[in-house]
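Encoded as structure tokens, the structure appears first; notes follow it.
Nothing fancy with the numbering, it's 1 onward along the sequence. What you see is a predicted model; the values in this text were computed from it and never measured.
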Amino acid sequence: MSETNPQSEESAWYIVYTKPRAEKKLSELLNKYKIENYLPIRKERKKWTDRFKWIQVPILPSYIFVRIVFWRDKNKVLQLPGSVQFVFQKGQPAIVEQNDLDVLEQGLKDYAESLKMNRELLFQKGKMVKVIDGSFAGKTMEILKVKNKTLVVLRIPGVETVFSYEINMDHLAWEELLV
């Protein structure tokens, strides 16, 4: 990711944070409104109780890339159902270089079957996260421990007494990337 002037007239690739499991529908809406987007997906074999099925799964849950002129088009993107906010880095909208997306796409094409995603490794003790869904939406909390692949124990920073909550990992975002 790099930083450039978001007031520029040139289009660039930006990252949009989506509601959980809304990536595909948002991509379809962006296509409908002729907004260039990229949703990296791969096929995964999932087991149901009675059968196996191949499904398309986003490799970056809750993230989609859009190519826009930021200051002109950001509101069009944010008004679409499923869109939450743009990812920011150091106070600026995070920009992804075309080369980085090309490498990602080529890697998915050539090595999709060996790709491993360890999202839970990003949620480590002591990190600050922003709750984006549920009763605590909008609150920033500290990770006390990761109980399993879906539950994280959080506490409110600055409060001497520890109140811990178990929150689904899908309801959390990395605080340093979001504004």
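- Side chains of D73 and I35 form no contact here, defined as non-hydrogen atoms less than 4.5 Å apart.
- Listed by chain and number, the residues in a salt bridge (Lys or Arg N to Asp or Glu O under 4.0 Å) with K46 are E44 (sequence neighbours excluded).
- Between L78 and Q85, the shortest heavy-atom distance links the atoms CD2-CA, 3.6 Å.
- Follow the hydrophobic side-chain contacts under 4.5 Å out from L39 and you never reach V57; the two are in separate clusters.
- In this structure, F86 has its ring center no closer than 6.0 Å to that of Y17.
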Review point. What do the steps show when you test Q106 against D110 for side chain to side chain donor-acceptor pair (under 3.5 Å), and what is the final call?
Key: CA-CA 6 Å; Q106 190 64 44; D110 295 342; 2.7 Å; yes

Practice prompt. Could you give me the CA-CA distance, side-chain angles and deciding distance for F70 and I95, then say whether side chain to side chain contact (heavy atoms under 4.5 Å, CB included) is met?
Written response: CA-CA 10 Å; F70 188 80; I95 295 176; over 6 Å; no

Stepwise side chain to side chain contact (heavy atoms under 4.5 Å, CB included) check, I15 with L60: CA-CA 11 Å; I15 309 166; L60 298 168; over 6 Å; no

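- Atom CH2 of W13 and atom CG of N37 lie 6.5 Å apart (nearest 0.5 Å).
- The two atoms that bring R42 and I59 nearest to each other are CG-CG2, 3.9 Å, heavy atoms only.
- One finds the CG atom of L26 at 15.0 Å from the CZ atom of R21 (value rounded to the nearest 0.5 Å).
- Residue pairs meeting the salt bridge (charged side-chain N to carboxylate O under 4.0 Å, His left out) criterion with at least one member in residues 24-35, sequence neighbours excluded, do not occur.
- Between the side chain of S11 and the main chain of R67, no donor-acceptor pair closer than 3.5 Å is present.
- Atom CG of residue L30 and atom OG of residue S83 lie 7.5 Å apart, to the nearest 0.5 angstrom.
- Heavy atoms only, all atoms of each residue included: R72 and K76 are closest at O-CE, 4.5 Å.
- Using a 4.5 Å heavy-atom threshold, the side chains of L80 and Y33 count as touching.
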Test side chain to side chain contact (heavy atoms under 4.5 Å, CB included) on K19 and S62; report intermediate values, then the result. CA-CA 6 Å; K19 290 182 179 176; S62 295; over 6 Å; no

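- When only modelled atom types and interatomic distance are considered, D102 and Q98 share a side-chain donor-acceptor pair under 3.5 Å.
- In plain terms, the two heavy atoms of Q56 and I41 that are nearest each other are OE1-CD1, 3.1 Å.
- Between Y38 and L104, some side-chain heavy-atom pair lies under the 4.5 Å cut-off.
- Every residue was checked against the side chain to side chain donor-acceptor pair (under 3.5 Å) condition with N99, not counting sequence neighbours, and none meets it.
- Looking at every heavy atom in both residues, V96 comes nearest to F65 through CG2-CE2, 3.7 Å.
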